[in-house]
Trainee: 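Below you will find the structure I want to go over with you.
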Amino acid sequence: MRVRIAPSPTGDPHVGTAYIALFNYVFAKKAGGKFVLRIEDTDQTRARADSEQMIFDALHWIGLSWDEGPDVGGPYAPYRQSERAHHYKAAAGELLDAGKAYRCFCTAERLAKVRIQQQAEKKNSGYDRHCRDADPTEARNRAAQGETHVVRLKAPLTGSVVVHDQLRGPVTIDADQIDDQVLLKSDGLPTYHLANVVDDHLMQITHVIRAEEWISSTPKHVLLYQAFDWEAPQFFHMPLLRNADKSKISKRKNPVSINYYRDVGILPHALLNFLGLMGWSFGDDREKFTLAEMVDAFAWEKVSLGGPVFNLDKLTWLNEKYIHDLDYEQLADAVISWRLNKEHLIRVLPLVRERIKKLDELIPAIEYFYSGDLDYTPVLADMKIPDATPADVGKALLDYIEKIEAREGFTAAVLEEEARKWTEALGWKAKHSFMLLRFAVTARKASPPLFETMSVLGKEITRRRLRQAAEIVGKAK
RNA sequence: GACCCCGUCGUCCAGAGGCCUAGGACACCCGCCUUUCACGCAGGUAACACGGGUUCGAAUCCCGUCGGGGUCGCCA
C-alpha cells in the first residue's frame with residue numbers, strides 16, 4: 001500500500017497541503033504502507049525557488065514525515081517531476097504511436113477565441129478538437145521541423161466514464177464533458193494530468209487521496225490509465241477546507257500559509273490536531289488527540305464530506321489546551337523556539353538600540369514584534385490620506401499586499417521599492433503613504449525604519465496586519 | 001451557464017430506521033469560584049433546508065425542489 005502527497009512549489013506552504021498530507025500519512029501508517037512526497041514542479045512559470053524547502057520545513061514542523069521524497073530519496077527516485085521529463089515524453093510518445101493521442105498546433109490565441117465564442121453561444125467550453133483528425137504523419141513532420149505544439153489525449157466522443165470514488169461511490173461523467181486534455185505542453189513538460197498518472201503508476205501508488213477539487217478531472221485520469229492499460233489506483237477525495245463564507249479556503253479571506261500559524265504562536269501539534277478535526281472524528285467526543293492516536297483510530301467511514309470551515313476560534317481554543325498541558329520547561333522551549341530567542345532578538349535590536357536609554361524600555365519598544373493582531377483604535381483617526389476616501393485607502397493597502405506577494409524575498413529593499421512604485425502609481429505622497437503603512441504594521445505613530453520593521457516582522461505577520469488594517473480603514477468614516 | 005459533489009445548532013463533529021423530547025465541542029449569554037483578570041466548574045440560547053414517497057416507525061433509505069461548493073487553463 002503506497003500513498004503520496006504531491007504539492008506544487010508555487011508559493012507559501014499551504015494548510016490544505018498539510019491537511020491532505022495528514023490524511024495520506026494517517027492512512028498509510030494505519031495500513032503499514034509507505035507515504036511518499038513528490039514535488040510537482042512542471043510549471044516553470046509559477047515555480048518558486050524557496051518554496052520546495054518551505055514545504056519540507058512546514059510539513060516537518062507540524063510533525064509529518066515521509067518515507068520517500070526528494071530530500072530523503074527512495075527506490076523510485078527522482079521525486080521531483082522536473083527531473084522526470086523523459087518518463088512523460090516517453091509515455092506521451094507511446095500514446096501518439098498507438099493513435100490514442102495527437103499533436104495539436106493550435107495557438108493560445110486561437111484557443112482563447114474559441115473559448116470566448118463558446119461562452120457567447122453558451123455552449124460547453126473545451127477544446128474544439130480542431131487538430132484531432134489531422135494526418136498523424138504530417139503532424140509528425142511539422143513537429144520534427146520544430147513547429148510548436150502540444151500533445152492531446154484523444155478522449156472518447158461517446159459513452160461515459162465512471163470514477164469510483166471510495167468515499168462517495170461511483171460518479172459517472174458523460175464523454176461530452178471530457179475534452180481532449182493537453183498531456184504535453186509546448187515547452188515539452190507534462191501537464192499535471194499526465195505527470196500524476198505516469199508517476200503514480202511508476203511509483204506504484206495504490207491509493208490517491210487528494211482534495212475534492214480534483215474530482216472533475218479524475219475521469220481524464222481514468223481515461224489515461226485505460227489508454228496505457230495500467231491499473232488505476234483507488235481514489236479518495238477529501239472535502240475542501242473552507243472560508244467562513246463556505247468558499248474554498250483562500251488567502252484573501254483566511255490566512256492559509258502554515259508559516260502564518262507558526263508565526264502567531266500556534267503549536268505545531270495543535271494545528272495538526274485541528275486539521276484532524278476537519279472532516280474527521282474519532283466517532284466519540286474526543287477532540288484533543290495525538291497523531292499516533294489518530295493513526296490508531298483512523299477509518300474512512302469516519303470521514304464526513306461536508307466542507308469544513310477553517311475556524312480560527314476553535315483552532316485557538318485547541319491551541320490553548322495544548323499550551324495548558326505543557327509543563328513550564330516545555331512551554332519555555334516552545335516560546336524560545338517561537339521568537340523569544342537570541343537569533344530573533346539580534347534582528348530586532350538593531351532597529352531599537354538607538355531608541356532606548358535603559359534596558360527596561362526595551363520590551364515596550366519592541367512589543368509589536370511579538371504580538372499578533374494589533375489594536376488600531378488609537379491611530380485609526382490618523383490612518384487617512386489627503387483627498388482619498390477610506391475605501392480607496394483600504395483598497396490601496398490590499399494592492400500593496402499584492403505587489404509584495406508577487407516578489408520573491410521579503411527584504412527591506414524589495415518592500416521599499418514596491419512601496420515607492422505603489423505610492424507613485426496612486427499619486428500619493430510618500431510621507432503620507434509610508435505613514436499609512438507604518439500605522440498598519442505597528443499601530444504606532446513612531447517606529448523604527450518602516451521597511452526593516454516589516455522585514456523583521458516577516459511576511460506572514462506583515463501581510464496579516466496590512467489586511468486587517470485595510471479592512472478596518474476601509475470601513476471607517 | 002453546463003457538469004459533478006455536498007446539505008444536523010452561527011461554526012466543527014456525533015448520529016449509519018426505533019436507544020433522539022437530536023448528543024459533544026467552539027463562539028455567545030448567565031452563574032459559581034476569586035482582591036482582579038484568566039483558568040476551572042455549573043447552567044442556558046441554538047440545528048435534522050423544504051416537499052413528496054418507502055416503512056408499523058425516518059435526521060437516518062428513495063425521488064424532486066431549494067441552497068452551498070467545486071470544475072470547466074499549454075496551473076496544479
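Per chain, numbering begins at 1; letters A, B, ... match sequence-line order. This structure is a prediction, so every number in the text was calculated from the model and none was measured.
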Trainee: Is there a donor-acceptor contact under 3.5 Å from the side chain of A:N319 to the main chain of A:G265?
Mentor: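 Present.
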Trainee: Look at all strands and tell whether A:E301 reaches a base, only sugar-phosphate, or nothing, counting heavy atoms closer than 4.0 Å.
Mentor: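 It contacts nothing in the nucleic acid.
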Trainee: Between B:rG23 and B:rA16, how far is it from one C1' atom to the other, in whole Å?
Mentor: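 Comparing C1' positions in B:rG23 and B:rA16 gives a spacing of 16 Å.
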Trainee: Using a distance-only criterion (donor-acceptor N/O pair, under 3.5 Å, no hydrogens), is the base of B:rA27 paired with the side chain of A:K314?
Mentor: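 For A:K314, whose side chain was compared with the base of B:rA27, there is no donor-acceptor pair (under 3.5 Å).
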Trainee: For B:rU71 and A:K248 - does any side-chain N or O of the residue sit under 4.0 Å from the phosphate oxygens OP1/OP2?
Mentor: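 Answer yes for this pair, as a side-chain N or O of A:K248 is under 4.0 Å from OP1 or OP2.
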Trainee: Can you tell me, in whole Å, how much space there is between the P of B:rC63 and that of B:rA25?
Mentor: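 Looking at atom P only, B:rC63 and B:rA25 are 36 Å apart.
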Trainee: For A:Y322 and A:W317, run ring-ring contact (aromatic ring centres under 6.0 Å, His included): C-alpha distance rounded to whole Å, both residues' side-chain angles, the deciding distance at 0.1 Å, then the answer.
Mentor: CA-CA 9 Å; A:Y322 273 82; A:W317 164 79; 9.7 Å; no
Trainee: Is A:T172 touching bases, backbone alone, or none of the nucleic acid, heavy atoms closer than 4.0 Å?
Mentor: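 Sugar-phosphate contact only - A:T172 comes under 4.0 Å of backbone atoms but never of a base.
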Trainee: Rounding to an integer number of Å, can you tell me how far A:Y88 OH sits from B:rC74 C1'?
Mentor: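 That distance rounds to 16 Å.
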Trainee: Provide the distance between the two C1' atoms, one in B:rG1 and one in B:rA49, to the nearest whole Å.
Mentor: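 Result for the C1' pair: 24 Å, nearest Å.
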Trainee: On a whole-Å scale, what distance lies between the P atoms belonging to B:rU11 and B:rG17?
Mentor: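 To the nearest whole Å, 26 Å.
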Trainee: Between B:rG43 and B:rG57, how far is it from one C1' atom to the other, in whole Å?
Mentor: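 34 Å, rounded to whole Å.
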Trainee: Here's a test of your reading of the structure: between A:N311 and A:Y127, which maps to the more 5' nucleotide of RNA chain B?
Mentor: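 Of the two residues, A:N311 wins.
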Trainee: I need the CZ-C1' distance between A:F274 and B:rA25, as an integer number of Å.
Mentor: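 About 12 Å, once rounded to whole Å.
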Trainee: What's A:K288 touching, base or sugar-phosphate or nothing? Going by heavy atoms closer than 4.0 Å.
Mentor: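 A:K288: no heavy atom of the nucleic acid under 4.0 Å.
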Trainee: Would you measure the distance from the C1' atom in B:rA27 across to the matching atom in B:rA47 and give it in whole Å?
Mentor: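 Going atom to atom, C1' in each nucleotide, I get 15 Å.
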Trainee: Does the side chain of A:S257 pick up a donor-acceptor pair with the side chain of A:E460 at under 3.5 Å?
Mentor: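 Their side chains do contain a donor-acceptor pair, which is all the 3.5 Å distance test asks for.
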Trainee: A:S281 near the nucleic acid: base, sugar-phosphate alone, or nothing, with a heavy-atom cut-off under 4.0 Å?
Mentor: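 Sugar-phosphate: the residue A:S281, judged by heavy atoms under 4.0 Å, touches backbone atoms but no base.
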Trainee: Less than 6.0 Å separating the ring centroids of A:F23 and A:Y19?
Mentor: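 Ring-ring flag for A:F23/A:Y19: true, centres closer than 6.0 Å.
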Trainee: Measuring only the C1' atom in each nucleotide, how far is B:rU65 from B:rG24? A whole number of Å is fine.
Mentor: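 After rounding to an integer number of Å, I get 33 Å for this pair.
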Trainee: Please classify the nucleic acid contact of A:Q177 as base, sugar-phosphate, or nothing, using heavy-atom distances under 4.0 Å.
Mentor: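 Result for A:Q177 = sugar-phosphate.
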Trainee: Taking the same atom, C1', in B:rG40 and in B:rC5, what whole-Å distance lies between them?
Mentor: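 Rounded to whole Å, the distance is 43 Å.
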Trainee: Regarding A:V182, tell me which of base, sugar-phosphate or nothing describes its non-hydrogen contacts under 4.0 Å with the strands shown.
Mentor: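 Sugar-phosphate contact only - A:V182 comes under 4.0 Å of backbone atoms but never of a base.
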Trainee: Does A:S337 reach the main-chain N or O of A:A334 with its side chain, forming a donor-acceptor pair under 3.5 Å?
Mentor: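 A pair under 3.5 Å: yes.
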Trainee: Is A:P190 touching bases, backbone alone, or none of the nucleic acid, heavy atoms closer than 4.0 Å?
Mentor: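 It contacts sugar-phosphate atoms only.
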Trainee: Is the phosphate of B:rC74 approached by A:R103 (side-chain N or O, under 4.0 Å from OP1 or OP2)?
Mentor: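 So the side-chain polar atoms of A:R103 never come under 4.0 Å of the phosphate oxygens OP1 or OP2 of B:rC74.
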Trainee: Do the ring centers of A:W66 and A:H60 come within less than 6.0 Å of each other?
Mentor: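 Yes, the ring centres sit under 6.0 Å apart.
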Trainee: Between A:G279 and A:D41, name the one whose nearest nucleotide on RNA chain B is closer to the 5' end.
Mentor: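 The residue closer to the strand's 5' end, by nearest nucleotide, is A:G279.
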